[in-house]
Asker: 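Structure incoming, see below.
Numbered from 1 within each chain, the chains take letters A, B, ... in sequence-line order.
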Protein chains: 2
Amino acid sequence: MSEAKRESMQKYSSSKENYLKAIFHLQKSDGVVTTNDVANELQTRPASVTDMLKKLKAQKLLIYERYKGFKLSQEGRKVALQIIRKHRLWEYFLVEKLQFGWDEVHEIAEELEHISSRKLIDRLDEFLDYPKTDPHGDPIPDSQGRFTLIKQVDLLHLPPNKTGEVSGIGDQSPEMLELLKHKQIGLGTRIEVKKIFAFDHSLELKVRNQSIVTVSEHVAKNVFVKYDE
Amino acid sequence: MSEAKRESMQKYSSSKENYLKAIFHLQKSDGVVTTNDVANELQTRPASVTDMLKKLKAQKLLIYERYKGFKLSQEGRKVALQIIRKHRLWEYFLVEKLQFGWDEVHEIAEELEHISSRKLIDRLDEFLDYPKTDPHGDPIPDSQGRFTLIKQVDLLHLPPNKTGEVSGIGDQSPEMLELLKHKQIGLGTRIEVKKIFAFDHSLELKVRNQSIVTVSEHVAKNVFVKYDE
DNA sequence: AATTAAATTTAGACAAATCTAAAAAATAAA
DNA sequence: TTTATTTTTTAGATTTGTCTAAATTTAATT
């Protein structure tokens, strides 16, 4: 086994893995990730994030310069993808084999994703017949960390509890853009649909994993998101 | 849900759970468990064990007085049994569903046994069709922590890699008892058969999980063990 | 450009689980 | 029953991950 291979097999603490995962997700949506974002995502304090950034840097899992921002290294991305792979495979297992509802598996998968055995997860993948997406529609990375599938839909068709990344705008009129700008929605913004009102088909969205905003059906039809990571 | 029920659902650290499990196992074999035994079992230091004993006592998981010994409380036993249940169900899953060999599942199960969801393990039990024993022949406690199966056999018929607890002696002559006493074998002693020599059917035993001793076929035929925990 | 506000980092502390080295208690041996 | 040995416990440190409060840097406003 090569040295690089052995490296990727190293075991990190659950806490470190959670940071890597969170940064990976935030990076995908925002491009730029901030200390506050991470603190918010992980329900922790900015000071704790700074502490951890230093540790992750020391292990070459991310690139970091104080006050200047940070991003995952090649290695950090690889580790994050393996955690995501495990999380989603376990979710699939819970729903397909143990009859759990898709809305009750996340918490359990948060624990299972930290089980370290590589062989276990590859065997599980095989047992489940190599599923491409988890029960929420999120794609499952293969054993090399690659996604096989990317879906693009408008906001109305974004599955519940799925987070999409804005990939295109239909109506690009200044009025539309002004509205989107005001609501802090732009290319790459992460959006989750929280509710669709039967009355007028207006949508309640969670934007950047933080603010809750409401948009009309018309707006929703003109915002396209891709969900894949 | 009753108060007592909620109590048993509480989550303990993996470390605490490991201590409870180790003490449970040692208690079953020796009756009396010592600080050194635990340190030995968990590959740790006696001082660390003492520290943990105090914490476990504070949480009413064991009865403990300094220098005077300790044993699991009712609650501690209950928690230990749930860990053992989880460990063995996961081992069964790994062998029966994921095609692992019985000799490679222990390590993985050591991690999986700390996943906390009660619902998960009960669903897994159902999925596996309520197996009675794990791949090593050890019985799996049911959701109430009860074993459904107790087998009593003489040492010659104790399955390999199974640990039995001495439950009776056939030939109780003074000579026999003297021999057993010398080899530190008595009621309740935990024994595992390591090897049976084809030549004279003599047995090599691991006694109290520590010493290796040899006994004749005649002796083995007169020592009965139950294996169930 | 100067000032204010926000984000980030440092400094110092704490809880959990461990360790080493030394002290205290219990047990075994002379 | 003293003495010696072993076991157990205490005292004090260390590591990991977290926190609060204060300081520093960057960004935003006037």
Side-chain angles (χ1 to χ4, degrees), chain A residues 10-23 26-27 30-59 61-71 76 79 83 110-111 114 116 181-182 184 208-211, chain B residues 10-23 26-27 30-59 61-71 79 83 110-111 114 116 181-182 184 208 210-211:
Chain A
Q10 222 198 289
K11 164 93 170 148
Y12 302 100
S13 71
S14 291
S15 187
K16 285 206 177 90
E17 291 185 346
N18 286 336
Y19 273 92
L20 294 175
K21 193 173 51 131
I23 295 168
L26 293 166
Q27 211 165 268
D30 264 4
V32 172
V33 191
T34 69
T35 304
N36 273 346
D37 286 345
V38 178
N40 190 62
E41 178 89 359
L42 294 179
Q43 302 275 64
T44 184
R45 298 301 183 156
S48 309
V49 175
T50 301
D51 289 346
M52 186 58 92
L53 292 178
K54 287 191 228 160
K55 290 173 194 164
L56 292 173
K57 182 188 180 180
Q59 275 169 107
L61 292 167
L62 59 71
I63 319 299
Y64 168 60
E65 268 196 279
R66 74 199 199 311
Y67 291 109
K68 295 263 188 103
F70 51 91
K71 62 175 186 178
V79 175
I83 309 300
E110 286 288 303
E111 286 186 62
H114 301 294
S116 59
K181 186 181 177 190
H182 181 260
Q184 306 218 51
R208 295 170 193 275
N209 218 24
Q210 294 197 320
S211 53
Chain B
Q10 222 199 290
K11 164 95 169 148
Y12 303 100
S13 70
S14 291
S15 188
K16 285 206 178 87
E17 290 184 348
N18 285 336
Y19 274 90
L20 293 174
K21 193 174 50 133
I23 296 169
L26 293 166
Q27 212 165 268
D30 263 5
V32 172
V33 191
T34 69
T35 304
N36 272 347
D37 286 345
V38 177
N40 190 61
E41 180 87 359
L42 293 177
Q43 303 276 62
T44 184
R45 296 301 182 157
S48 309
V49 176
T50 301
D51 289 344
M52 186 56 92
L53 292 178
K54 288 191 227 159
K55 290 173 195 166
L56 293 174
K57 182 187 178 181
Q59 275 171 107
L61 293 167
L62 58 71
I63 319 298
Y64 167 61
E65 268 196 278
R66 70 199 202 312
Y67 290 111
K68 294 264 188 101
F70 52 91
K71 63 175 185 180
V79 175
I83 309 302
E110 286 288 303
E111 285 186 63
H114 300 294
S116 60
K181 186 180 176 189
H182 182 261
Q184 304 220 52
R208 295 168 192 276
Q210 295 198 320
S211 53

Asker: Measure from the side chain of B/Thr35, starting at C-beta and using heavy atoms only, and say which of C/dT10, D/dT9, D/dG17 lies closest.
Answerer: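 Selected nucleotide: D/dT9.
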
Asker: What pair of heavy atoms forms the shortest contact from A/His114 to A/Lys11, and how long is it?
Answerer: O-NZ, 3.3 Å

Asker: Return the nearest nucleotide to the side chain of B/Lys16; candidates are D/dT9, C/dT10, C/dA17.
Answerer: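 Per side-chain heavy atoms of B/Lys16, the pick is C/dA17.
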
Asker: Atom CD of A/Gln43 to atom C1' of D/dT18: distance rounded to whole Å?
Answerer: 14 Å

Asker: Whole Å only: how far is the NZ atom of B/Lys55 from the P atom of C/dA15?
Answerer: 12 Å

Asker: To the nearest Å, how far apart are A/Glu65 CD and C/dA7 C1'?
Answerer: 17 Å

Asker: Do you know the tightest heavy-atom contact between B/Glu17 and B/Tyr12?
Answerer: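 That would be OE2-O, 3.6 Å.
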
Asker: At less than 4.0 Å, is any side-chain N or O atom of A/Asn36 found next to OP1 or OP2 of C/dA6? Yes or no.
Answerer: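 Indeed not, no polar side-chain atom of A/Asn36 lies that close.
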
Asker: Using the side-chain heavy atoms of B/Ser15, tell me which of these nucleotides is nearest: D/dG17, C/dA17, D/dT10.
Answerer: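 Of D/dG17, C/dA17, D/dT10, C/dA17 is nearest to the side chain of B/Ser15.
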
Asker: For the side chain of A/Ser48, starting at C-beta, report the closest nucleotide among D/dT10, C/dT10, D/dT18.
Answerer: D/dT18

Asker: Is there a side-chain polar atom (N or O) of B/Tyr19 under 4.0 Å from OP1 or OP2 of C/dA16?
Answerer: no

Asker: Between C/dT20, C/dA24, C/dA7, spot the one nearest the side chain of B/Tyr67, thanks.
Answerer: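 Per side-chain heavy atoms of B/Tyr67, the pick is C/dA24.
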
Asker: Please pick, from C/dA21, D/dT16, C/dT9, the nucleotide with the shortest atom-to-atom distance to any side-chain atom of A/Leu53.
Answerer: C/dT9

Asker: For a quick check of understanding: with a heavy-atom distance under 4.0 Å over all strands, which category does A/Phe70 fall into, base, sugar-phosphate or nothing?
Answerer: nothing

Asker: So, OP1 or OP2 of C/dA17: does either fall under 4.0 Å of a side-chain N or O from B/Thr44?
Answerer: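 It does not, given that no N or O in the side chain of B/Thr44 lies less than 4.0 Å from OP1 or OP2 of C/dA17.
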
Asker: With a cut-off of less than 4.0 Å, is there a side-chain N or O of B/Ser13 near OP1 or OP2 of C/dA16?
Answerer: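 It does not, given that no N or O in the side chain of B/Ser13 lies less than 4.0 Å from OP1 or OP2 of C/dA16.
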
Asker: When B/Phe70 is tested against each of B/Leu56, B/Thr35, B/Thr50 for side-chain contact (heavy atoms from CB on, under 4.5 Å), which residue passes?
Answerer: B/Thr35

Asker: Would you mind telling me which of C/dT10, C/dA17, D/dT20 lies closest to the side-chain atoms of A/Arg45?
Answerer: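 From the listed options, D/dT20 comes nearest.
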
Asker: Answer yes or no: are there more than 12 heavy-atom neighbours, outside B/Lys16 itself, under 6.0 Å from its atom NZ?
Answerer: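 Atom NZ in B/Lys16 is packed in, count exceeds 12.
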
Asker: Counting side-chain heavy atoms from CB outward, which of C/dT8, C/dT18, C/dT10 is closest to A/Arg66?
Answerer: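 In terms of side-chain proximity for A/Arg66, the closest of C/dT8, C/dT18, C/dT10 is C/dT10.
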
Asker: What is the distance, to the nearest angstrom, from the NZ atom on A/Lys57 to the P atom on C/dT8?
Answerer: 17 Å

Asker: B/Lys68 NZ to C/dA24 P: how many Å, rounded?
Answerer: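 In whole Å, C/dA24 P lies 19 Å from B/Lys68 NZ.
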
Asker: Given C/dC19, C/dT9, D/dT10, identify the nucleotide with an atom nearest to the side chain of A/Pro46.
Answerer: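 Nearest to the side chain of A/Pro46 among the choices is C/dT9.
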
Asker: How many Å lie between NZ on B/Lys11 and P on C/dA16, as a whole number?
Answerer: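 Spelled out: NZ on B/Lys11 to P on C/dA16 is 15 Å.
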
Asker: Between A/Lys54 and C/dT10, is there a contact of a side-chain N or O with OP1 or OP2 at under 4.0 Å?
Answerer: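 Checking A/Lys54 against C/dT10: at least one side-chain N or O falls below 4.0 Å of OP1 or OP2.
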
Asker: Closest approach of B/Asn18 and B/Leu42, non-hydrogen atoms and distance?
Answerer: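 For B/Asn18 versus B/Leu42, the nearest heavy atoms are O-CD2, 3.9 Å.
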
Asker: Measure from CG on A/Leu56 to P on D/dT18 and round the result to the nearest Å.
Answerer: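 Value for this atom pair: 11 Å.
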
Asker: So what does B/Tyr64 touch, heavy atoms closer than 4.0 Å: a base, only the sugar-phosphate, or nothing?
Answerer: sugar-phosphate

Asker: Is there a side chain to side chain contact (heavy atoms under 4.5 Å, CB included) between A/Tyr19 and A/Lys55 once you walk through the steps?
Answerer: CA-CA 11 Å; A/Tyr19 273 92; A/Lys55 290 173 194 164; over 6 Å; no

Asker: Whole angstrom is fine here: how far is it from CE in A/Met52 over to P in C/dT10?
Answerer: 16 Å

